[in-house]
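FYI, side chains are in, hydrogens and waters are out, and symmetry mates aren't considered; it's all heavy atoms of this structure. Proteins get letters first, then strands, A, B, ... in listed order; numbering begins at 1 in each.
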Amino acid sequence: MATVAEAAGTPAASTGVLSHATRERIRTARARYPSPRSAALPALWAAQDQLGHVPAEAMAEVADELGIGAAEVEAVATFYAMYFRRPPGRHFIQVCTNVSCALRGADDLLRHLEQRLGVADGGTSADGCFTLESTVECLGACGGAPALQVDRYSHEDCTAERVDQLLDRLRAEGAGS
Amino acid sequence: MAAQERRVLTRHLGSPDLTSLAGYEAVGGYASLRQALTMTPEAITEQVRASGLRGRGGAAFPTATKWSFLPKGVFPRYLCVNADESEPGCFKDRVLLESNPHQLLEGTLIAAFALQASHAFIYIRGEYRAQRELLERCVDEAYRGGYAGASVAGSDFACELIVHGGAGAYICGEETALLDSLEGLRGQPRLKPPFPAVRGLYGQPTVVNNVETLSNLPYIVEHGGDAYAALGTAASPGTRLFCVSGHVERPGTFEVPMGTTSLADLVELAGGVRTGHRLKALQPGGGSMQVLGPEHLDLPLDFKAVADAGSSLGAGALVVMDETTCLVEVSMRLVDFYHHESCGKCVPCREGTYFESRLMHRLEAGLASSDELATLAEICEHMDGRCFCPLGDTATWFVMSAYRMFGDEFRAHCGAGECPVRARGRRVA
């Protein structure tokens with residue numbers, strides 16, 4: 001874990017974990033706000049988009065770009081549920097188990113996914129392809145309950161068959177790349 | 001009379017290529033903004049006042065009144081668009097963001113002009129990543145089309161539009177937590193007063209308005225506030241986009257006039273309670289609001305009528321539950337949600353939701369004694385009205401109202417008892 005002192009001493013060189021393109025994204029975001037600190041969330045998104053998660057080194061580099069302490073960035077990164085501290089699987093599956101989805105079979109859907117992927121809720125499949133997580137925060141897809149979200153896209157009116165097809169498709173895409 | 005939709009907010013849906021600037025301009029998009037720029041900011045606020053528009057995020061505060069709280073002569077001022085829709089059962093802002101994002105941007109720019117705000121920030125929840133990217137593309141188009149930036153539609157009004165993505169925190173829908181999150185901090189609520197109108201983003205006068213609220217403005221400017229008010233009733237003017245989910249045949253969003261439409265009409269629009277089942281309970285305003293029973297079906301979608309029945313229209317999300325639903329289990333899920341989303345700032349919420357959740361799990365598992373129901377009520381009493389922000393207060397509303405209305409069901413779970421719903425061979429999921 002980088003300390004504030006270490007972060008303060010980190011040069012703004014391109015030798016860190018963040019790519020030049022990511023740093024450019026952060027600088028563009030920073031310039032848009034009346035206060036550089038406001039770019040904390042966009043900067044963490046940029047880091048996660050590049051790295052798949054936000055390791056301590058990335059937080060220190062984000063802090064450096066925004067001119068704030070690494071501990072301040074860490075405080076923010078750990079508050080929000082969507083920043084990963086550790087690398088998840090290639091695809092992140094969130095199964096909504098809030099009320100509207102639960103009323104329409106979310107628990108069965110979650111059990112099916114656990115079985116199919118051979119992981120418990122919160123786990124990553126052995127092939128590293130999927131991380132499965134049930135979410136208690138409503139995904140805002142109640143009109144198509146039960147719903148789940150894979151990475152940035154939601155899938156609605158899910159059945160075991162449709163979910164199996166989706167997993168097969170995502171696996172095939174991964175194998176081809 | 002059969003229930004009918006009245007499309008104002010959603011009037012352009014189905015038009016070709018609506019999510020592009022060209023598609024939106026083809027249905028007259030941004031004409032209201034041009035018209036607004038010929039008016040004075042005060043005249044726009046007057047039209048909004050005449051429309052009777054009230055905030056669509058859940059608190060139903062009159063929009064023009066909120067605007068009028070900005071102290072005169074203090075600049076810069078900011079407008080924040082609350083697109084952090086996360087209320088359980090609520091997905092209407094998502095529909096507006098996905099289907100007609102430029103309408104939101106036009107409404108945002110009209111409001112920004114009325115408020116003389118230099119920046120408008122759209123705070124969109126992290127889970128809506130695809131919608132955020134669409135919105136960002138639309139903002140780029142608005143800049144290129146001359147509707148945002150140094151000279152809005154050729155006028156001397158300047159306004160920057162910034163899309164800001166959240167990262168998974170329900171609390172950021174609370175307006176002051178949203179402001180902290182926008183400032184790059186942990187999203188925790190601020191002490192009020194001072195209210196954001198006086199000291200908001202970066203300590204400057206700030207208005208926070210919901211997506212649906214602002215999406216109404218192009219219509220109000222084009223047709224006048226009176227025309228909008230005439231759509232509903234005097235006490236609940238205008239139309240509103242309601243979400244219907246749960247045990248209905250066709251869940252979805254439906255735009256209906258306020259006041260003259262009833263809860264039963266909404267259920268009917270959604271195809272009715274699913275075939276072969278009967279209505280047991282309703283939650284009219286999303287996860288935070290109190291439960292109602294079949295006897296309340298005839299209630300109009302009127303702020304006061306629903307409040308008098310002991311609940312609220314909240315964020316406009318109707319969750320329908322049939323006889324297969326165990327209210328203890330639903331309460332447990334909602335309590336778990338608030339426990340998970342409590343920001344940890346104040347003790348009554350942080351500890352209260354923990355104990356609530358623990359107790360509901362014991363009850364659900366048949367481990368709780370009947371004494372613990374009294375403990376549950378006591379915990380809730382210590383929370384409601386005593387938390388730093390409404391999250392903790394509302395964490396008690398559903399469970400307590402369900403306990404009052406379905407006390408037998410709660411008691412049946414106690415002392416190695418059995419869930420009466422499950423005992424009949426059915427369960428919620």
A:Y80 vs B:C172, side-chain contact (heavy atoms from CB on, under 4.5 Å): CA-CA, chis, key distance, verdict
CA-CA 10 Å; A:Y80 298 92; B:C172 291; 3.8 Å; yes
[X] versus chain A, heavy atoms under 4.5 Å apart: side chain, backbone, both or neither?
| X | answer |
| --- | --- |
| B:E133 | side chain |
| B:C343 | both |
| B:V95 | neither |
| B:L201 | neither |
| B:R125 | side chain |
| B:I162 | side chain |
| B:Y170 | both |
| B:C243 | neither |
| B:S181 | both |

With a 4.0 Å cut-off on N to O distance, would you call A:E74 and B:R186 a salt bridge?
no
Do A:R152 and B:E127 meet the salt-bridge criterion of a basic N to acidic O distance under 4.0 Å?
no
Option that, when pairs with chain B are counted at under 4.5 Å, heavy atom only, ranks first among A:V73, A:D49, A:L109, A:L66
A:D49
Picking from A:A141, A:A75, A:A40, which has the most non-hydrogen pairs under 4.5 angstrom with chain B?
A:A75
Interchain contact, [X] with chain B, by part (heavy-atom threshold 4.5 Å):
| X | value |
| --- | --- |
| A:Q149 | side chain |
| A:A145 | neither |
| A:T97 | both |

Before you tell me yes or no, could you show the steps for B:D322 and A:L103 under side-chain contact (heavy atoms from CB on, under 4.5 Å), namely the whole-Å CA-CA distance, both residues' side-chain angles and the distance that decides it to 0.1 Å?
CA-CA 9 Å; B:D322 69 19; A:L103 292 171; over 6 Å; no
Please examine the side chains of [Y] and [X], heavy atoms only from C-beta on, and report whether any two atoms are closer than 4.5 Å.
| X | Y | result |
| --- | --- | --- |
| A:E137 | B:E341 | yes |
| A:L41 | B:L182 | no |
| B:F337 | A:T135 | no |

Is it the case that the side chain of A:R104 and the backbone of B:G246 share a donor-acceptor pair, with hydrogens and angles ignored and the cut-off at 3.5 Å?
yes
Grab the two heavy atoms, one from [X] and one from [Y], that are nearest each other, plus how far apart they are.
| X | Y | value |
| --- | --- | --- |
| A:P34 | B:H119 | CG-NE2, 4.1 Å |
| B:G89 | A:C138 | N-SG, 3.6 Å |
| A:W45 | B:G165 | NE1-O, 3.7 Å |
| B:S245 | A:S100 | OG-OG, 2.7 Å |

If the plane angle is over 60° it's perpendicular, under 30° parallel, otherwise tilted; pick one for A:Y33 and B:F121.
parallel
Most heavy-atom pairs under 4.5 Å with chain A, out of B:G344, B:P251, B:A317, belong to B:P251
Pair B:R94, A:C142 - check side-chain contact (heavy atoms from CB on, under 4.5 Å), show working.
CA-CA 11 Å; B:R94 181 181 152 188; A:C142 325; over 6 Å; no
